[in-house]
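First the structure, in the form of structure tokens, and then the observations on it.
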Amino acid sequence: MRHRNGRPRSERKERAPVTGDDLGAELGERATLVQFSTAFCQPCRATRRILGEVAAMVPGVRHVEIDAEARLDLVRRFDVLRTPTVLVLDGSGDIVTRASGQPRKADVIAALGAAVDRPSHRSSQPSDKV
């Protein structure tokens with residue numbers, strides 16, 4: 001567990017795309033960084049700062065923080081076992097990767113790059129990427 005702490009890993013489960021209504025906040029146009037936090041969690045504060053900085057660096061990316069204690073429905077839906085847990089969503093609301101524990105800024109940027117480069121299902125124009 002210590003080896004995986006804060007490191008992004010790909011999502012293994014097939015899930016329905018996440019919507020803004022699910023989170024109670026608007027999703028980013030290109031990607032969304034969803035953070036599950038609790039009030040007493042010290043690493044959550046550092047994670048909030050890191051995700052906010054990364055979201056500010058990339059246009060169309062949004063950081064949404066969810067209070068895990070207030071949103072137990074989402075905690076169960078996304079199998080959140082500890083805080084902070086970060087989900088990286090692409091522009092369509094699909095979970096690209098997730099991390100439990102405080103992530104490193106470089107890891108967040110790399111995971112975000114994978115999400116932003118993914119073709120969006122919301123787009124009505126066909127993608128020319130192969």
Side-chain angles (χ1 to χ4, degrees):
M1 185 172 186
R2 190 178 315 178
H3 174 69
R4 291 191 329 234
N5 187 36
R7 290 210 165 69
R9 63 185 190 276
S10 62
E11 179 70 7
R12 295 183 185 134
K13 295 181 180 182
E14 288 294 320
R15 300 179 193 267
V18 180
T19 66
D21 291 338
D22 294 334
L23 301 179
E26 187 177 332
L27 298 181
E29 182 180 314
R30 297 176 68 197
T32 306
L33 302 169
V34 180
Q35 175 185 350
F36 285 89
S37 301
T38 52
F40 58 84
C41 170
Q42 181 63 33
C44 293
R45 293 183 191 119
T47 300
R48 178 183 311 119
R49 182 183 50 78
I50 291 168
L51 297 181
E53 289 173 3
V54 172
M57 288 177 10
V58 183
V61 175
R62 186 173 176 105
H63 171 226
V64 176
E65 189 170 3
I66 305 290
D67 180 4
E69 294 173 307
R71 296 298 309 268
L72 292 177
D73 58 324
L74 293 177
V75 167
R76 290 182 191 105
R77 176 177 171 187
F78 298 116
D79 300 322
V80 174
L81 301 177
R82 66 184 213 161
T83 58
T85 292
V86 177
L87 306 177
V88 180
L89 311 179
D90 65 9
S92 301
D94 293 321
I95 300 173
V96 176
T97 189
R98 67 184 290 146
S100 293
Q102 182 180 335
R104 295 179 330 158
K105 190 172 188 177
D107 291 336
V108 173
I109 292 169
L112 188 58
V116 169
D117 289 341
R118 259 179 120 176
S120 175
H121 298 291
R122 281 196 246 170
S123 174
S124 59
Q125 297 177 352
S127 174
D128 54 357
K129 291 185 179 180
V130 177

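Numbers for residues simply follow the sequence, beginning at 1.
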*Who passes side chain to side chain contact (heavy atoms under 4.5 Å, CB included) against Val61, sequence neighbours left out?*
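Residues passing side chain to side chain contact (heavy atoms under 4.5 Å, CB included) with Val61: Ala31, Leu33, Ala55, Val58, Leu112, Val116.
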Tell me, which pairs form a disulfide (SG to SG under 2.5 Å) where one or both residues lie in [range], sequence neighbours left out?
range           : result
residues 44-90  : Cys41-Cys44
residues 72-102 : none
residues 51-81  : none

_I need the Thr38 OG1 to Arg82 CZ distance, nearest 0.5 Å._
11.5 Å
*How long is the gap from OG1 on Thr32 to CG on Leu51, to the nearest 0.5 Å?*
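If we round to the nearest 0.5 Å, Thr32:OG1 and Leu51:CG are 11.5 Å apart.
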So, for [X] and [Y], which heavy atoms are closest and what is the spacing to 0.1 Å?
X      : Y      : result
Arg98  : Phe78  : NH1-O, 2.8 Å
Thr97  : Ala111 : CG2-CB, 3.4 Å
Val75  : Ala68  : CG2-O, 3.5 Å
Ala115 : Asp90  : O-CB, 3.6 Å
Pro84  : Gln35  : CB-NE2, 4.4 Å
Met57  : Ile109 : CE-CD1, 3.8 Å

*Would you check if Ile95 and Val88 make a side-chain contact, meaning some heavy-atom pair closer than 4.5 Å?*
no
*Which residue, Val86, Ile66, Leu81, Val64, forms the side chain to side chain contact (heavy atoms under 4.5 Å, CB included) with Phe36?*
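Exactly one pass, corresponding to Ile66.
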_Qualifying salt bridge (Lys or Arg N to Asp or Glu O under 4.0 Å) pairs with a residue from residues 18-28, counting only residues at least two apart or across chains_ =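 Salt bridge (Lys or Arg N to Asp or Glu O under 4.0 Å) check on residues 18-28 returns Asp22-Arg77.
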*Could you name each residue pair satisfying salt bridge (Lys or Arg N to Asp or Glu O under 4.0 Å) that touches residues 49-68, not counting sequence neighbours?*
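Every pair satisfying salt bridge (Lys or Arg N to Asp or Glu O under 4.0 Å) with a residue in residues 49-68: Arg48-Glu65, Arg49-Glu53, Glu53-Lys105.
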*asked:* Under a 3.5 Å threshold, yes or no: a donor from one side chain and an acceptor from the other, between Ser37 and Thr83?
replied: no
*Partners meeting side chain to side chain donor-acceptor pair (under 3.5 Å) with Thr47 (sequence neighbours left out)*: none
_CA sep, side-chain torsions, deciding dist, call: Arg104, Ile50, side-chain contact (heavy atoms from CB on, under 4.5 Å)_ = CA-CA 8 Å; Arg104 295 179 330 158; Ile50 291 168; over 6 Å; no
_Does Asp94 form a side-chain contact (heavy atoms from CB on, under 4.5 Å) with Leu89? I'd like the steps, not just the answer._
CA-CA 5 Å; Asp94 293 321; Leu89 311 179; over 6 Å; no
